**Q** 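Take a look at the following structure, please.
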Amino acid sequence: MALAARGIDKAFAGVHALRGVDFEVRAGEVVALVGENGAGKSTLLQILSGSLAADAGQVRVDGEAVTFRGPADAMARGIARVAQEPQQCLQLSIAAAVFLGAELRRGWLLDDAAMVAASRTLLARLGLDVDPQQPVGSLATGQRQLLEIARALRAEAKVLILDEPTSSLTDVEAERLFAIVDDLRAAGTAIVYVSHRLGEVQRLADRVVGLRDGRNSGELARDQISHQSIVGLMVGREFAHATRQPRAPGEVLLSVRGLVTSAWPQARVDLQVRAGEVVGVAGLLGAGRSEILRALFGVDAPLAGTIEVAGQPLHGRGPAAAAAAGLALVPEDRQHQGLVLGHSVADNLSLPTLHRRGWRVAPQRERELAAHWCRELDVRAASPALRVGSLSGGNQQKVVLGKWLAAAPRVLLLDEPTRGVDVGARGEIYARLDALAAAGLAVLFVSSELEEVFALADRVLVVHQGRITGALPRDRFSEQTIMLLATGQSLDSDEVPA
Amino acid sequence: KGAAAARPKVAFVSNCVAEFWAIAQRGAEAAAKEQGVEVLVKMPPTGTAAEQQSILEDLLAKGVRGIAVSPKDPANMGGLLDQIAARTLLVTHDSDAPASKRLAYIGMRNYDAGRLCGQMIREALPKGGPIVLLVATLDQDNARGRRQGIIDELLGRSVDAARFDAQDAALSGNGFEIRATYTDQFDPQKGKAVIEDALGRWQDLAGVVGLFEYEPPLVLEAVKAAKRLDRVKVFGFDENDQTLQGIVDGEVAGTLVQNPYEYGYQSVTLLARLLQTPDEAQRRALLPAGGFMDIPARRIDKSNVRAFWDDLKQKTGRK
Amino acid sequence: MKKILGIAVLLLVVVIATAVLSHDAVSGTNPFLSAYNLQNLCKRIGEFGILSIAAAFVIVTGGIDLSIGSVVCVAGCILPWLLRDLGVPALLAVPTVLLLTAAIGLWHGLLVVRLRLQPFVVTLCGLLLYRGLMRAFTGDQTMGLGTTGEGVRWLATGTLPLGDGFGLPVPLLVFVVVAALTSFLWRRTVIGRHLFALGSNREAARFAGVATDRLELLAYVACSLLAGLAGCLFVLDVNSAQASNFGNFYELYAIAGAVLGGVALRGGEGLVLGVVLGACLMQVLPNTINLVAGSNQLEFAVVGAVILAGAAVDEIVRRWLARRRPGKA
Amino acid sequence: MKKILGIAVLLLVVVIATAVLSHDAVSGTNPFLSAYNLQNLCKRIGEFGILSIAAAFVIVTGGIDLSIGSVVCVAGCILPWLLRDLGVPALLAVPTVLLLTAAIGLWHGLLVVRLRLQPFVVTLCGLLLYRGLMRAFTGDQTMGLGTTGEGVRWLATGTLPLGDGFGLPVPLLVFVVVAALTSFLWRRTVIGRHLFALGSNREAARFAGVATDRLELLAYVACSLLAGLAGCLFVLDVNSAQASNFGNFYELYAIAGAVLGGVALRGGEGLVLGVVLGACLMQVLPNTINLVAGSNQLEFAVVGAVILAGAAVDEIVRRWLARRRPGKA
Ligand SMILES: Nc1ncnc2c1ncn2[C@@H]1O[C@H](COP(=O)(O)OP(=O)(O)OP(=O)(O)O)[C@@H](O)[C@H]1O
Ligand SMILES: Nc1ncnc2c1ncn2[C@@H]1O[C@H](COP(=O)(O)OP(=O)(O)OP(=O)(O)O)[C@@H](O)[C@H]1O
Ligand SMILES: [Mg+2]
Ligand SMILES: [Mg+2]
């Protein structure tokens, strides 16, 4: 037995996150840990990897009881973790970051050349083609997630803990990761895997362990694993799939002509989104999907192009002007861009709409707003007065969504809107977006999960190297077509204009 | 421009930035004009020995023909002063460095000025009483000399310029008691604050002395605000307008003035004339006897304040 | 509130200690508690308190203003010049100075917001620049009102009599008004909320449609404006400003007061009440020393030691509390 | 490298301008380029450069040390006391002072690392505390070696003759050695890599198993130790230290030198070469003013303005470059 935990208890101020949880993983086994947002998965993994001390309970490595005083202790025992919200040294070079804490050296000296070469190989294995001498800060969110995985692989750990490693990855990168996980399993590594993409769990897991409200909720052996059984483990009940509401696109709400972003100065972007239309944007990691949304919302000044909202050109620069014009952006990086982590859930929810009710803050209205959206989106927080940073990843994501839904925008831009959100809540979000679209909202969303694109979109735009290489109506959705377009190959048949 | 470049350059260096030195600058510039030399006036912005050293080194690099300096720390700056003396003409003013190779010292003796101030206090307070002293800092020779002069005179001690009483030493005798010496580190707000606090602490204070130019007005303000002008006498050093006005109005008992204008004027005149005199023997004759040109401190009180003030205004061109 | 408990207790301890230590058993009087002393103390708290609020305005945005002392110097040199040398009436002169210092703040803000220069660099240069300019401007002469301007000096030296020989110093009243307005702005208005969001996470605030640039500008303007106001009070109080050292180091006192009062240097955190307490402590300590000790030689050492001890005790108590009241709902 | 291009160009411009402006057409001499002046300049660069490296050590960890000037004061007061008053031999006295200042750094580090106090607060208190203690310790008397200690003063005033009347001042050599060692430590060793990781993101470094506490301690010790070393050189050079002002404001010069040289205040970024250039600029500017202007009244103003202009131009150029050479092919 590689790693085992018995009776783990952990309480935070106001929240009892884990109550007597047992968990174990053996060498050469992939165990998936599933549970709703806030069930305690990340907390458990943090305890297993020495980043957090348990209040009670015991952790054993290879049968031997251990007490970790810090992540370094766990690492020394061969336990490596890819965190759900990785902390990274943005100023370090990629190679330095990959080898941080385990630098290659020649005598007293750092062996930078070796580290660059080794990290280049590692990253290539994950399909990340970047110069390892560049700073980490130059990477996009998904690329940073790959870097984190590379770090864990570099450690050649006996126990590899992956906490939602694919939440910002597209299917292509995810598939590469699965192949690597298969290899590691074959080589005898114990792997703990957390994901809200249940397809991945089915694909990878030898065993599924469920957590519900901080308690063990059961276990599934390889042959018991199915979508239904996993969901049952998580929520203990079955929920119906929302049916798409029929709707007819109305006037053009968002119209973009000749948009040029600074990351892709050679590419021109033209697109339109109508009222009542949900448009998905697909593409490979780093294709420039986020860049387009950022430029539309005025976060990065575009080099050229016009943006019209409901026929009116966007006046002024910056997100404040865009928000005033009725745009809203749910960014992909909730920790840095989506939330003021140190402020309360309520403050975060009201931030974009605060100024609409005059120059004074109205605490009563704020409380009502917070209560409303916490309920609507099923945010699992003991109170809206809690620091949003203390919420679990998925619940944080719901707050980011909620604060912009509360703003009642005309055009909603979403970048990975359900990143880390559990299946149940995800279904409800889909249903809500569907209803909003039916009521005349225009939605443009980026998603790395094709499943999500297929579930939501009326139309898909595929992006490759900053360019829109194709637009597919709902009846032409297919994985192959999108992959072709996403890798820059043209379709044989006639293209549908954006 | 060409003529200016051709005129020999001499430098006048102070030990800090102060109004006092602004007056000295006037004197130095007046003398430079008369003597046909160019004078560079330099003041160490935060008044440290290190700054003064940089300034002196840069002046040497610049090739000035003579330097008049008020050495920040005469006891320890001997090496630098000798280095300067070896390269150019060197005189000291305001504060002397007798052990160095300087040609002359132009100024007064602070200890003597302190004793003069002490006499003035004794006359104003024949029965003695508790006294508080306010000084910018105690780590300058002039500050120490003045303070010690006052203390020694009040306590009726013998003349000994080398004596030093610690800042918080209990000092009394001869009817006088030195309750405290406060420093304000050149911050007027702090200066006023400590005197306010002293007035609050001791109801029986008989006199307060401000030893630096900007301090007597602060003391006056504080005493006035406490409505104790009738019981607390104010004494001071130097010729701040408000100090002088206070003497005119009978609110300040008196002040001891140095003559910064003369410091500047005499220093530059001496340097210029040395430069213009090629003959070694004649040069020596220009130097004051014993290397000390006494610009004595003067006591200004109600009797002579008008005449002094008018003269000062005329010299400095101020209204 | 927990944040300012430590400083409140520390202040109380110092005040009680001073009252006890300064008690004169012989005459039975207590210099510290005398109306005269309290009045002086209140005046200084008012003057320096405004500076601490000024500093806090920029600190809550995650910036810093090292030029506060030099802006005090600007106000201290320009106001007497306007009043005495130009004969501008006081009602015009004070607003002119405030306008000038606000312009300085605007300039800082523009450099920070538009050019994205580091606040530390911008205001460090300001520290050097304005003092240097004032030295040239005044020709190193001491600036003061002389014996003129008795009227306007009421702003700094006047009191509102409360009977019993005690009067509320005008600077304290000004400070109370400034503090109350600031507290209202921070806690009750959208601007305040946005200011704190910006200080906690500028990127997230921008993504939420907050006009971060304009707010940051506002913070720098408010800071310099208040520093200018305090500068006016200082020079009207002491009636003597020498460009080379007027207001020297005041930025550090101001920042210390704010930080002592629980304003976090990383931004996004702070209570006006805490700043008020911090400013009080910074002024009570020297008063203590002057009333108790034989000289004020150890003043800096004592202030430094007490602040440090305060911060340390605060931290230790907070940890102890956290350990005693763990998790459970 | 791009980071330090701006400062390098600025330094070059100032040096050339000074050489041209200070040229004396009548005598045909050039005071700026004279061996005597260059020697003095190099000496000051050496002394202040060590301070900037000291400041940089803490800044790259994301901290700040405001007590540098006061630590200089401690060294400046204690060294003469050991040498002159106690008669300790120089070979023992200098290491003793360094040990003492290193202990101060350790104390700072422990407060920051163990108690998690803000570096700004800890070192601000240090600034007040150590200077205050030194004032009491020296009784406000000036400390110096008088005419003794000629031997040990060679460390600060000595030169290694290079011929042509020019000698390399020993402080410059000390600085070069310190800079080379620091550069080696930062760029070539694991300690340096971890130091920068810690400054970049302390949590990330900790999760990666970096001994962040020990490293942060090390940075504070290195900072105060180097400040102590510079303090020794300063006092041996000017041979006179007044506790009330020796080293006053030097922390700001030191930090300005480091920041000018591209060390980012948020931590995790910096090149020793940049710090060296920054320190050079900070010393050349006053020299320029002394050699070119008739008075040094505007010294601070010019230094402030040039640093600001430098930072602004640097930023503008960097943006312009970024626009010309955009992201992807
Ligand atoms: N540092 C913290 N302080 C306070 N509460 C915390 C902290 N970290 C986690 N929690 C709480 O513990 C509970 C479990 O959180 P955890 O992050 O383990 O959930 P999770 O299962 O990983 O959820 P998700 O799927 O959303 O990532 C949540 O209620 C969360 O609010
Ligand atoms: N802040 C940034 N600084 C520098 N380069 C960036 C930054 N953000 C993105 N990029 C670059 O722009 C490219 C496009 O990134 P973008 O985030 O738009 O891609 P994406 O398709 O949304 O991928 P992801 O799913 O990883 O976010 C990336 O390859 C990245 O290198
Ligand atoms: Mg989680
Ligand atoms: Mg993206």
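Just so it is clear, the structure is predicted and the values come from calculations on it, not from any experiment. So you know, we letter chains A, B, ... as the sequences are listed, proteins then strands, and number each from 1.
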**Q** Non-hydrogen atoms of chain D under 4.5 Å away: do they reach the side chain of Leu60(B), the backbone, both or neither?
**A**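 Leu60(B) touches chain D through backbone and side-chain heavy atoms alike.
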**Q** Does Phe137(D) have any side chain to side chain contact (heavy atoms under 4.5 Å, CB included) partners at least two apart in sequence or in another chain, and if so, which?
**A**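 With sequence neighbours excluded, Phe137(D) shows a side chain to side chain contact (heavy atoms under 4.5 Å, CB included) to Ile78(D), Trp81(D), Met134(D), given in chain and number order.
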**Q** Measuring from atom CG of Asp73(B) to atom CZ of Phe246(D), what distance do you get when rounded to the nearest 0.5 angstrom?
**A**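 Asp73(B) CG to Phe246(D) CZ: 10.5 Å, rounded to 0.5 Å.
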**Q** Side chain, backbone, both or neither: which part of Ile289(D) has an atom under 4.5 Å from a heavy atom of chain B?
**A**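 The backbone, not the side chain.
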**Q** Looking only at heavy atoms and a cut-off of under 4.5 Å, which of Met43(B), Arg144(B), Glu51(B), Gln185(B) has the most pairs with chain D?
**A**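 Looking at each option in turn, the highest pair count goes to Arg144(B).
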**Q** Shorter than 4.5 Å, heavy atoms on both sides: which option in Ile55(B), Val17(B), Val39(B), Thr137(B) has the most such pairs with chain D?
**A**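 Option with the greatest count: Ile55(B).
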**Q** Is there side-chain contact between Tyr214(B) and Phe186(B), with heavy atoms separated by less than 4.5 Å?
**A**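 Yes. Closest side-chain heavy atoms under 4.5 Å.
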**Q** Quick one: does Glu215(B)'s side chain have a donor or acceptor within less than 3.5 Å of a partner on Ala136(B)'s backbone?
**A**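 Confirmed, Glu215(B) side chain pairs with Ala136(B) backbone.
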**Q** Which atoms of Phe300(D) come close to chain B, meaning under 4.5 Å heavy atom to heavy atom: side chain ones, backbone ones, both, or neither?
**A**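 It is the side chain, since no backbone atom gets that close.
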**Q** Can you tell me which portion of Pro80(D) sits under 4.5 Å from chain B's heavy atoms? Options are side chain, backbone, both or neither.
**A**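 Contact with chain B involves no heavy atom of Pro80(D) at all.
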**Q** Does any heavy atom of chain D fall under 4.5 Å from the side chain of Ala166(B), the backbone, both, or neither of them?
**A**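 Ala166(B) has no heavy atom closer than 4.5 Å to chain D.
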**Q** What part of Glu299(D) is in contact with chain B, defined as an atom under 4.5 angstrom from a non-hydrogen atom: side chain, backbone, both or neither?
**A**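 For Glu299(D), side-chain heavy atoms alone lie under 4.5 Å from chain B.
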**Q** Among Val292(D), Thr157(D), Leu291(D), single out the residue with the greatest number of heavy-atom pairs under 4.5 Å to chain B.
**A**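 The option with the most such pairs is Leu291(D).
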**Q** Most heavy-atom pairs under 4.5 angstrom with chain D, which of Ala61(B), Gly47(B), Ala50(B)?
**A**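 Sorted descending by pairs with chain D, the first entry is Ala61(B).
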**Q** Chain B heavy atoms under 4.5 Å from Ala243(D): which part of the residue, side chain, backbone, both or neither?
**A**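 Only the backbone of Ala243(D) comes within 4.5 Å of chain B.
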**Q** What part of Ser54(B) gets within 4.5 angstrom of chain D, counting heavy atoms only: side chain, backbone, both, or neither?
**A**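 Ser54(B) touches chain D through backbone and side-chain heavy atoms alike.
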**Q** For Leu162(D), what residues pass the side chain to side chain contact (heavy atoms under 4.5 Å, CB included) criterion, not counting sequence neighbours?
**A**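 With sequence neighbours excluded, Leu162(D) shows a side chain to side chain contact (heavy atoms under 4.5 Å, CB included) to Phe166(D), Leu168(D), given in chain and number order.
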**Q** Answer with side chain, backbone, both or neither: which region of Leu80(B) has an atom nearer than 4.5 Å to a non-hydrogen atom of chain D?
**A**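 Contact with chain D: none, neither part.
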**Q** Indicate yes or no: at least one non-hydrogen side-chain atom of Leu271(B) is less than 4.5 angstrom from one of Gln35(B).
**A**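 Sidechains of Gln35(B) and Leu271(B): no contact.
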**Q** Let me know if Asp237(D) has heavy atoms under 4.5 Å from chain B in its side chain, its backbone, both or neither.
**A**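 Answer is both: backbone and side chain atoms of Asp237(D) are under 4.5 Å from chain B.
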**Q** Checking Gln167(B) against chain D: side chain, backbone, both or neither under 4.5 Å from a heavy atom?
**A**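 Contact with chain D involves the side chain of Gln167(B) alone.
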**Q** If you tally heavy-atom pairs under 4.5 Å against chain D, which of Gln25(B), Lys72(B), Met77(B) wins?
**A**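 Result: the option with the highest number of such pairs is Lys72(B).
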**Q** Is there a side-chain contact between Val209(B) and Arg147(B), using heavy atoms and a 4.5 Å cut-off?
**A**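 A side-chain contact is absent here, since even the closest heavy-atom pair is not under 4.5 Å.
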**Q** Would you check, one step at a time, whether the test side-chain hydrogen bond (donor to acceptor under 3.5 Å, both in side chains) holds for Asn40(D) with Asp58(B)?
**A** CA-CA 8 Å; Asn40(D) 286 329; Asp58(B) 287 350; 5.3 Å; no
**Q** Taking atom types as modelled, find out whether Asn110(B) and Asp141(B) have a side-chain donor-acceptor pair closer than 3.5 angstrom.
**A**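 Side-chain D/A pair, Asn110(B) to Asp141(B): absent.
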**Q** Is chain B contacted by the side chain of Ser240(D), its backbone, both, or neither, given a heavy-atom distance below 4.5 Å?
**A**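 Its backbone and side chain both get close to chain B.
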**Q** Is any side-chain heavy atom of Ser224(D) closer than 4.5 Å to a side-chain heavy atom of Asp65(D)?
**A**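 Yes, at least one pair of side-chain atoms sits under 4.5 Å.
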**Q** Can you find a pair of side-chain heavy atoms, one from Arg135(D) and one from Thr183(B), that are under 4.5 Å apart?
**A**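 Yes, at least one pair of side-chain atoms sits under 4.5 Å.
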